[in-house]
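Here's the structure, in structure tokens; my notes come after.
Throughout, protein chains are lettered first and strands after them, A, B, ... in sequence-line order, and every chain is numbered starting at 1.
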Protein chains: 2
Amino acid sequence: MPVKIQDVARRAGVSSATVSRVLANKPHVSEEVRRRVLAAVEELGYQPSRVARSLRAQRSKIIGLIISDIQNPFFTSLVRAVEDVAYKHQYAVFLCNSDEDIEKETLYIDLMRAERVAGVVISPTRETDNPCQKLIEVNVPVVAVDRRILDLEVDTVVVDNVGAAFNLVRHLINDGHRHIGAVIGSSIATTGRERREGYVRALEAHGLPILPHLIRTGLPKEAVGYQLTGELLDLPDRPTALFTGNNLLTVGALRAIHERGLRIPDDIALVAFDELDWMSLIKPNLTVVAQPTYELGKTATNLLLNRIENSAHPPQEVVLNPPLIIRQSCAHHESSSDERR
Amino acid sequence: MPVKIQDVARRAGVSSATVSRVLANKPHVSEEVRRRVLAAVEELGYQPSRVARSLRAQRSKIIGLIISDIQNPFFTSLVRAVEDVAYKHQYAVFLCNSDEDIEKETLYIDLMRAERVAGVVISPTRETDNPCQKLIEVNVPVVAVDRRILDLEVDTVVVDNVGAAFNLVRHLINDGHRHIGAVIGSSIATTGRERREGYVRALEAHGLPILPHLIRTGLPKEAVGYQLTGELLDLPDRPTALFTGNNLLTVGALRAIHERGLRIPDDIALVAFDELDWMSLIKPNLTVVAQPTYELGKTATNLLLNRIENSAHPPQEVVLNPPLIIRQSCAHHESSSDERR
DNA sequence: AATCCTATTGTAATCGTTTTCAACATCTTT
DNA sequence: AAAGATGTTGAAAACGATTACAATAGGATT
């Protein structure tokens with residue numbers, strides 16, 4: 001039904017090869033013919049079939065984007081960045097929501113392969129045994145963003161999770177806290193593992209004990225944050241401060257804290273990984289590490305496009321440093337000064 | 001590079017036609033051959049090229065999704081629904097963020113056409129003169145969601161904006177408010193126009209005057225909500241209550257209200273269109289109309305898939321009724337009782 | 001046993017591009 | 001003027017699947 005290159009060729013009185021050459025801005029076409037072809041294209045409203053092009057070129061101008069939770073504002077911002085960059089380069093974006101589910105992730109990766117996408121940006125559900133392997137095998141470029149894939153050689157864009165978590169927890173310690181709870185994502189994914197490590201290192205660096213029952217982990221969802229925080233708050237030796245390792249976990253934590261009528265920072269101090277734009281509306285404002293989400297997505301997509309152009313160079317790793325933003329959620333803690341000296 | 005149907009055929013000792021028949025579960029294939037083919041597929045890890053299929057079938061198994069703001073949780077939830085339904089039916093989703101920009105929307109529509117997508121779900125930037133026309137012309141099914149396209153015959157899924165806005169404003173009036181400001185999206189899009197209409201009708205129904213300077217409109221973004229609300233609050237005859245017509249406008253309004261140290265509902269009452277999941281964290285909880293966002297996306301996608309299967313039947317319009325949720329942001333207003341009797 | 005069906009399989013055309021190769025024309029160089 | 005170089009164009013072969021059609025074989029019916 002739609003008009004095709006043959007129609008344009010007929011209208012302009014040339015062959016389809018010539019039309020193709022004009023459209024691709026190839027040399028060796030006379031001005032006269034070029035003019036006629038462009039006129040025909042205009043008149044017929046011709047639009048090349050990207051499907052036919054993809055088949056011929058053995059590669060679609062599409063990039064796949066696989067994330068774990070489209071409803072998480074962190075990823076939303078990342079998606080936005082990927083989309084912006086792709087749009088500028090005339091690429092379309094396949095959006096896939098893996099839901100932290102490895103089966104779904106695998107299916108989507110098969111889909112990417114079947115669609116012959118030019119490349120994939122992924123925030124992998126887990127660090128090892130990742131189905132991305134299948135893409136690498138058939139030479140589809142992959143960029144890991146936010147989370148790593150340990151056993152594959154791919155371009156990677158992450159933040160310094162260990163350092164940032166370390167800074168957050170050290171801040172609590174410097175405020176006098178000695179009994180600090182952690183609500184973090186599970187260690188299957190990079191973010192959970194590394195942020196936990198930052199927490200542990202900060203305690204160790206200050207000679208504090210690592211108490212396993214103060215570290216709670218689970219899927220990075222609000223309901224889980226609510227649940228885990230509740231468990232910590234109801235402990236006989238309730239922590240005086242909390243570190244939450246993910247924005248949704250933070251929302252859940254806040255809900256649990258509010259529900260118990262506890263005040264921040266008087267009853268419990270709170271530092272959080274990642275920021276949410278509406279957080280300035282709640283009091284007190286939270287001390288957080290602000291992730292450069294848009295930057296993350298933009299960098300990843302640019303890396304991917306580079307790799308698509310030229311796959312020769314060795315994989316790159318970009319580590320961004322998220323700033324610590326100190327606000328009012330963790331004032332100086334008095335009582336603990338008795339405990340240590 | 002990837003294995004193709006010919007490779008499978010050779011391996012199984014049959015022709016590619018037979019392989020195709022097996023994979024499509026067509027009749028007239030002997031059990032013996034079917035077994036051999038499936039074994040070959042398994043051994044080679046064959047995956048059909050969806051690109052070649054699309055070319056041959058003159059239609060991709062892809063649906064296009066064009067929304068105006070991926071960072072708005074309303075759309076995020078909608079995207080999620082579309083993605084879920086598409087996934088179940090083996091469709092991939094092209095995500096396009098139009099940014100309320102008609103030029104970008106047009107470019108994306110051209111892209112959809114060039115990619116020969118099976119259909120498009122769109123929340124159109126404007127009601128009239130919509131570029132979707134171009135899709136209809138080439139028989140690509142379109143479903144409008146959240147917002148209408150007035151001059152095209154397409155399936156449509158929206159909420160009862162007029163009714164819901166009417167209910168919200170009536171609630172304020174019943175609480176004694178007589179001087180009510182409105183911060184709404186501009187009337188180019190359905191949501192802005194219809195919600196404004198609901199506001200106007202509610203005032204009229206109660207014999208209240210429509211004061212143009214109390215109605216502020218603009219793009220549905222937080223910064224705009226902040227700006228417009230600020231203007232209303234700084235008026236010499238500041239309204240005693242506010243109606244915000246969109247979730248992001250609400251966030252901006254809250255910021256403006258907080259910044260001026262005003263209390264809700266004592267200094268100013270507030271009712272809002274659409275809900276945000278973190279809103280339960282701020283006090284007081286807002287009286288809102290809760291949009292069934294997931295339902296919206298799900299219904300739209302199902303309608304689209306139906307239309308793709310069978311384009312014969314006349315366009316449908318589904319109108320969902322969002323519930324009014326009364327909370328604490330608009331207590332009874334005393335002073336106004338003097339004004340009217 | 002001749003005829004007709006039906007079940008199974010293969011051949012080849014098709015979808016809409018791009019690109020290689022060859023053909024021809026024109027221009028330069030000797 | 002012959003030879004070679006260069007510029008412009010078209011014919012045809014890919015890309016990888018589906019499918020209309022033909023071909024063959026075997027079984028049933030007369």
Check your understanding: Is any side-chain heavy atom of A:V154 closer than 4.5 Å to a side-chain heavy atom of A:C132?
Key -> no

**Study point:** Sequence neighbours excluded, every pair satisfying salt bridge (charged side-chain N to carboxylate O under 4.0 Å, His left out) that has a member inside residues 62-88 of chain A
**Key:** A:R80-A:D84, A:R80-B:D99, A:D84-B:K104

Check your understanding: How is B:V51 classified with respect to the nucleic acid when contacts are heavy atoms under 4.0 Å: base, sugar-phosphate, or nothing?
Key -> nothing

Point to revise | side chain to side chain contact (heavy atoms under 4.5 Å, CB included) involving B:L55 - partner list, sequence neighbours excluded | key: A:V51, A:A52, A:L55

Exercise for review: Only counting residues at least two apart or in another chain, list the ones meeting side chain to side chain contact (heavy atoms under 4.5 Å, CB included) with A:A114.
Suggested key: B:R50

Review point. Residues two or more places apart in sequence or in another chain: which of them pass side-chain hydrogen bond (donor to acceptor under 3.5 Å, both in side chains) with A:S16?
Key: none

Review point. Taking atom CD of B:E103 as the centre, does the number of heavy atoms from other residues, nucleotides or ligands within less than 6.0 Å exceed 12?
Key: no

With a 3.5 Å cut-off and sequence neighbours excluded, list the donor-acceptor pairs that the side chains of residues 2-14 of chain B form with protein atoms.
{"from": "B:D7", "atom 1": "OD2", "to": "B:K4", "atom 2": "N", "distance (Å)": "2.8"}
{"from": "B:R11", "atom 1": "NE", "to": "B:E43", "atom 2": "OE1", "distance (Å)": "2.7"}
{"from": "B:R11", "atom 1": "NH2", "to": "B:E43", "atom 2": "OE1", "distance (Å)": "2.5"}

Check your understanding: Looking at DNA chain D, which of residues 133-142 of chain A put a heavy atom within less than 4.0 Å of it?
Key -> none

Exercise for review: Under the side-chain hydrogen bond (donor to acceptor under 3.5 Å, both in side chains) rule, collect the residues that match up with B:T156, sequence neighbours excluded.
Suggested key: none

Review point. Do A:Y108 and A:F94 have ring centres separated by under 6.0 Å?
Key: no

Exercise for review: Using chain B heavy atoms and a threshold of under 4.0 Å, write down where along DNA chain D the contacts begin and end, 5' to 3'.
Suggested key: D:dG16 to D:dT19

Close N/O contacts between protein and nucleotides 11-21 of chain C (under 3.5 Å):
{"from": "C:dT14", "atom 1": "O2", "to": "B:R56", "atom 2": "NH1", "distance (Å)": "2.9"}
{"from": "C:dC15", "atom 1": "O3'", "to": "B:Q58", "atom 2": "OE1", "distance (Å)": "3.0"}
{"from": "C:dC15", "atom 1": "O3'", "to": "B:Q58", "atom 2": "NE2", "distance (Å)": "3.1"}
{"from": "C:dG16", "atom 1": "OP1", "to": "B:Q58", "atom 2": "NE2", "distance (Å)": "2.9"}
{"from": "C:dG16", "atom 1": "OP2", "to": "A:K4", "atom 2": "NZ", "distance (Å)": "2.7"}
{"from": "C:dT17", "atom 1": "OP1", "to": "A:Y46", "atom 2": "OH", "distance (Å)": "3.0"}
{"from": "C:dT17", "atom 1": "OP1", "to": "A:S49", "atom 2": "N", "distance (Å)": "3.2"}
{"from": "C:dT17", "atom 1": "OP2", "to": "A:I5", "atom 2": "N", "distance (Å)": "2.7"}
{"from": "C:dT17", "atom 1": "O5'", "to": "A:Y46", "atom 2": "OH", "distance (Å)": "3.0"}
{"from": "C:dT18", "atom 1": "OP1", "to": "A:R53", "atom 2": "NE", "distance (Å)": "2.8"}
{"from": "C:dT18", "atom 1": "OP1", "to": "A:R53", "atom 2": "NH2", "distance (Å)": "3.3"}
{"from": "C:dT18", "atom 1": "OP2", "to": "A:S20", "atom 2": "OG", "distance (Å)": "2.7"}
{"from": "C:dT18", "atom 1": "O2", "to": "A:R56", "atom 2": "NH1", "distance (Å)": "2.3"}
{"from": "C:dT19", "atom 1": "OP2", "to": "A:K26", "atom 2": "NZ", "distance (Å)": "3.1"}
{"from": "C:dT19", "atom 1": "O4'", "to": "A:R56", "atom 2": "NH2", "distance (Å)": "3.1"}

Donor-acceptor pairs under 3.5 angstrom involving side-chain atoms of residues 297-305 of chain B: please list them, not counting sequence neighbours.
{"from": "B:T299", "atom 1": "OG1", "to": "B:E295", "atom 2": "O", "distance (Å)": "2.6"}
{"from": "B:T301", "atom 1": "OG1", "to": "B:G297", "atom 2": "O", "distance (Å)": "2.7"}
{"from": "B:N302", "atom 1": "ND2", "to": "B:K298", "atom 2": "O", "distance (Å)": "3.3"}

Practice item. Find the bend of the helix from C:dA1-D:dT30 to C:dT30-D:dA1 as the angle between its two terminal axes (five pairs each), to the nearest 10°. Key: 50°

Review point. Heavy-atom distance under 4.5 Å between the side chains of B:M112 and B:C96, does that happen here?
Key: yes

Practice item. Could you list the residues that satisfy side-chain hydrogen bond (donor to acceptor under 3.5 Å, both in side chains) with A:R56, not counting sequence neighbours? Key: none

